[in-house]
Amino acid sequence: MVNFVYPEEMYLFVESIRPFEVREVGSSKWLEVHEMVLRLSQQAALELSQNREEEVKEFLISRDKLRVLIHEAYCVTLWKTRVLPHLLEIDPNPQATFLIYTVLYHEAALVALLDVCLYHPSGCETLQESVLDLIDYCAQAVSQVIGLVSMGYHENETKLDVDEAVLTELERQKRDFIYKIGLRCISVLNYIADNVALFHLSAARRLLVTHDIPWLMTDVLCFCPWQRKTSKGMQKFIEEKWTNVDDVTKIVKPEAQAWFCVRQLLLNAQIMDNYVFNEARCKQLSKLLGLMHETLLDQLPPLIELKVFLSRMTLSGNTAKSQPLLLEDIPQIQEDLLKDVEECGGFYQIAQDQDAVFLSKNKESICALATRLSKAYGTDLLCELEQNLEDLNMGEEKAAEAGGDGNADHTCATCQAKAKKKCASCKKVHYCTRDCQLKDWPQHKLVCLKNDF
């Protein structure tokens with residue numbers, strides 16, 4: 001059985017995950033943990049796709065590592081928003097950007113693991129006070145998606161914002177990750193809302209008052225970041241990729257999660273005392289009624305109750321009332337990270353210290369690091385897995401459709417020999433061996449990496 005992490009490695013990998021400070025991002029020890037997080041994320045996705053026992057989830061929850069994942073996600077967020085700009089001021093055109101890309105990818109892998117683990121109530125129970133930090137993180141990530149959509153980012157070919165044409169490749173990759181992470185955070189917020197009874201009252205208050213998640217999810221549902229119009233027709237964001245669809249009304253996962261998040265919060269009588277239905281909120285939430293057509297309700301029947309609730313809300317009008325005074329806990333993870341940054345001299349000082357790591361011009365060290373990271377990404381294993389899936393899913397089509405290109409010969413992009421394997425990310429370039437793939441990687445990564453994650 002193919003695995004990214006074998007059972008005998010699982011305990012070591014999970015135990016090796018530890019919190020880092022912003023100044024440590026990109027270090028040798030950080031890269032070691034990144035490789036393990038990456039492989040755990042790939043293994044978790046594999047277990048889900050094959051309906052296997054979720055061993056990665058069980059190990060992360062039992063070893064109390066979810067709070068560490070949240071810490072690391074915040075750490076990368078601070079690095080990319082406060083340190084990376086200073087690095088690009090030092091060198092606007094770095095010779096090799098794949099290490100920077102690796103840091104961005106690290107955050108996406110962390111959120112993917114959280115998405116898998118928090119689907120289960122047992123995962124939510126282990127969060128304890130760190131749930132406040134996670135709510136803050138997810139609310140910010142979803143807001144960034146709304147910002148990108150408002151600029152026309154998701155339309156891709158049309159309605160691009162003015163700056164899009166002159167963005168660097170690194171900035172495009174950064175936006176891609178912001179978009180994908182934000183959509184995953186919709187699911188995470190739904191899981192928290194569904195299990196809000198497991199947390200302290202501060203969690204409910206943070207969802208409803210501090211960030212007003214019902215309002216935020218209404219904006220998300222109105223902007224529809226999971227669909228776009230292109231020259232090839234309507235596309236929807238399915239399984240982390242844009243896919244052409246014939247049935248535009250079919251609900252995709254992020255959309256369903258956003259609807260359920262609103263439902264779980266508004267129909268929870270135990271926490272709604274924290275939410276004041278003032279005029280502005282009633283007007284915002286009433287927008288949802290215009291989106292609740294019959295096709296939607298047929299696919300998501302639990303939303304019928306939400307529709308009834310919203311209809312009554314519009315009739316009753318403003319029901320604002322005074323809020324009780326409530327002492328709440330304060331998120332600690334980001335504060336602790338910022339405190340360490342201050343002790344180190346600030347973000348600019350960290351950028352100067354990391355200059356030799358991220359802006360290195362030594363070709364030997366760059367090549368060695370590229371080889372190490374390419375092995376960590378397991379491209380050869382991904383090729384094998386995708387080829388197995390294609391053999392299973394396309395077998396009937398090949399038998400039924402004669403004259404297809406399924407048996408066409410492909411040539412290796414490096415040596416021009418016959419090739420049976422292809423790049424697992426873009427699925428467009430073929431290779432005969434792993435060595436040929438590694439040789440071509442410095443050139444191929446320019447067009448391939450931006451479509452990964």
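Both backbone and side-chain heavy atoms feed into the values below; hydrogens, waters and symmetry mates do not. From a predicted model like this one, the values you see are computed outputs, not experimental measurements.
- Side-chain contact, Tyr105 with Gln173: no donor N or O sits under 3.5 Å from an acceptor N or O.
- A side-chain donor-acceptor contact under 3.5 Å links Tyr74 to the backbone of Tyr137.
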Show your working on salt bridge (charged side-chain N to carboxylate O under 4.0 Å, His left out) between Arg67 and Asp133 and close with a plain yes or no.
CA-CA 9 Å; Arg67 284 180 283 181; Asp133 296 277; over 6 Å; no

Applying salt bridge (charged side-chain N to carboxylate O under 4.0 Å, His left out), run through Glu240 and Lys180 and close with a yes or a no.
CA-CA 7 Å; Glu240 301 295 325; Lys180 293 175 181 179; 5.7 Å; no

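- Counting heavy atoms from C-beta on, the side chains of Val149 and Val220 never come closer than 4.5 Å.
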Could you give me the CA-CA distance, side-chain angles and deciding distance for Cys117 and Tyr119, then say whether side chain to side chain contact (heavy atoms under 4.5 Å, CB included) is met?
CA-CA 5 Å; Cys117 294; Tyr119 174 80; over 6 Å; no

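- Panel note: side chain Lys65, backbone Ile17; a donor-acceptor pair is recorded below 3.5 Å.
- Taking 4.0 Å as the cut-off between side-chain N and carboxylate O, Lys253 and Asp115 count as a salt-bridged pair.
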Could you walk me through whether Trp226 and Ile238 satisfy the side chain to side chain contact (heavy atoms under 4.5 Å, CB included) test, starting with their C-alpha distance in whole Å, then the side-chain angles of each, then the deciding distance to 0.1 Å, before giving a yes or no?
CA-CA 8 Å; Trp226 42 78; Ile238 303 172; over 6 Å; no

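- Heavy-atom minimum distance, Cys138 versus Val188: SG-CG1, 3.6 Å.
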What do the steps show when you test Val245 against Lys250 for side chain to side chain contact (heavy atoms under 4.5 Å, CB included), and what is the final call?
CA-CA 9 Å; Val245 293; Lys250 187 174 181 180; over 6 Å; no

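- Other residues, nucleotides and ligands contribute over 12 non-hydrogen atoms within 6.0 Å of the CG atom of Asp247.
- You'll find the side chain of Val22 stays beyond 4.5 Å of the side chain of Asp340, heavy atoms only.
- Formation of a donor-acceptor pair under 3.5 Å by the Asn195 side chain with backbone atoms of Pro121 is not found in this model.
- No side-chain heavy atom of Arg23 sits less than 4.5 Å from a side-chain heavy atom of Gln349.
- Between the CG atom of Leu288 and the SG atom of Cys222 there is a distance of 6.5 Å, given to the nearest 0.5 Å.
- Proximity of a side-chain donor or acceptor of Glu9 to a complementary backbone N or O of Tyr6 within less than 3.5 Å is detected.
- Annotation: Glu239, atom CD; neighbour count of heavy atoms from other residues, nucleotides and ligands within 6.0 Å does not exceed 12.
- Residue Thr97 holds its OG1 atom at 5.5 Å from CG of Leu170, rounded to the nearest 0.5 Å.
- Side chain of Ser130 to backbone of Leu127: a donor-acceptor contact under 3.5 angstrom is found.
- Classified by interplanar angle (parallel below 30°, tilted 30° to 60°, perpendicular above 60°), the ring pair Phe177/Tyr101 is tilted.
- Annotation for Gln416: atom CD counts as buried by contact number, over 12 foreign heavy atoms lying within 6.0 Å.
- Here the side chains of Leu38 and Phe4 are not in contact, with every heavy-atom distance at 4.5 Å or above.
- Looking only at distances, no side-chain donor or acceptor of Glu55 sits under 3.5 Å from a matching main-chain atom of Pro7.
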Is there a side chain to side chain contact (heavy atoms under 4.5 Å, CB included) between Arg175 and Leu148 once you walk through the steps?
CA-CA 8 Å; Arg175 287 192 176 192; Leu148 287 177; 3.9 Å; yes

Would Ser202 and His200 count as a side chain to side chain donor-acceptor pair (under 3.5 Å) if you check the C-alpha gap in whole Å, the side-chain angles of each, and the deciding distance to 0.1 Å?
CA-CA 5 Å; Ser202 296; His200 189 269; 3.1 Å; yes

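- Across all their heavy atoms, Thr414 and Cys436 have their closest contact at OG1-O, 2.8 Å.
- Remark: of the listed residues Leu265, Leu300, Asp194, Ile186, Leu300 is the sole one forming a side chain to side chain contact (heavy atoms under 4.5 Å, CB included) with Phe260.
- Considering only heavy atoms from C-beta on, Arg205 stays 4.5 Å or farther from Ile271 through its side chain.
- Residues Ser150 and Gly147 come closest through the heavy atom pair OG-O, 2.6 Å.
- The structure places NZ of Lys174 at 5.0 Å from CD of Glu171, a figure rounded to the nearest 0.5 Å.
- Residues Gln354 and Val83 form a side-chain contact, since some pair of their non-hydrogen atoms from C-beta on lies under 4.5 Å apart.
- Looking at Val131, Leu66, Asn190 one by one, the single match for side chain to side chain contact (heavy atoms under 4.5 Å, CB included) with Leu118 turns out to be Leu66.
- If you look at Phe358 and Trp79, their ring centroids are closer than 6.0 Å.
- Side chain of Asn362 to backbone of Ser365: a donor-acceptor contact under 3.5 angstrom is found.
- Between His86 atom NE2 and Ile350 atom CD1 the span is 9.5 Å, to the nearest 0.5 Å.
- Here the options are Arg39, Glu72, His106, the test is side-chain hydrogen bond (donor to acceptor under 3.5 Å, both in side chains), and the partner is His34; only His106 passes.
- No side-chain N or O of Gln140 forms a donor-acceptor pair with one of Asp136 less than 3.5 Å apart.
- Contact annotation: the side chain of Phe13 never approaches that of Val56 to less than 4.5 Å [non-hydrogen atoms, C-beta and beyond].
- In this structure, Lys29 and Phe20 have side chains that are in contact, with non-hydrogen atoms separated by less than 4.5 Å.
- Side chain of Gln43 to main chain of Val5: a donor-acceptor pair is present (N/O by atom type, distance under 3.5 Å, no hydrogens or angles).
- Ring orientation note: the planes of Tyr179 and Phe237 are nearly perpendicular, at an angle over 60° on the 30°/60° scale.
- If you check the side chains of Glu107 and Thr77, you find a donor sitting under 3.5 Å from an acceptor.
- Counting only distance, with no hydrogens or angles, the side chain of His211 and the backbone of Ile213 share no donor-acceptor pair below 3.5 Å.
- No side-chain donor-acceptor contact under 3.5 Å links Gln235 to the backbone of Thr243.
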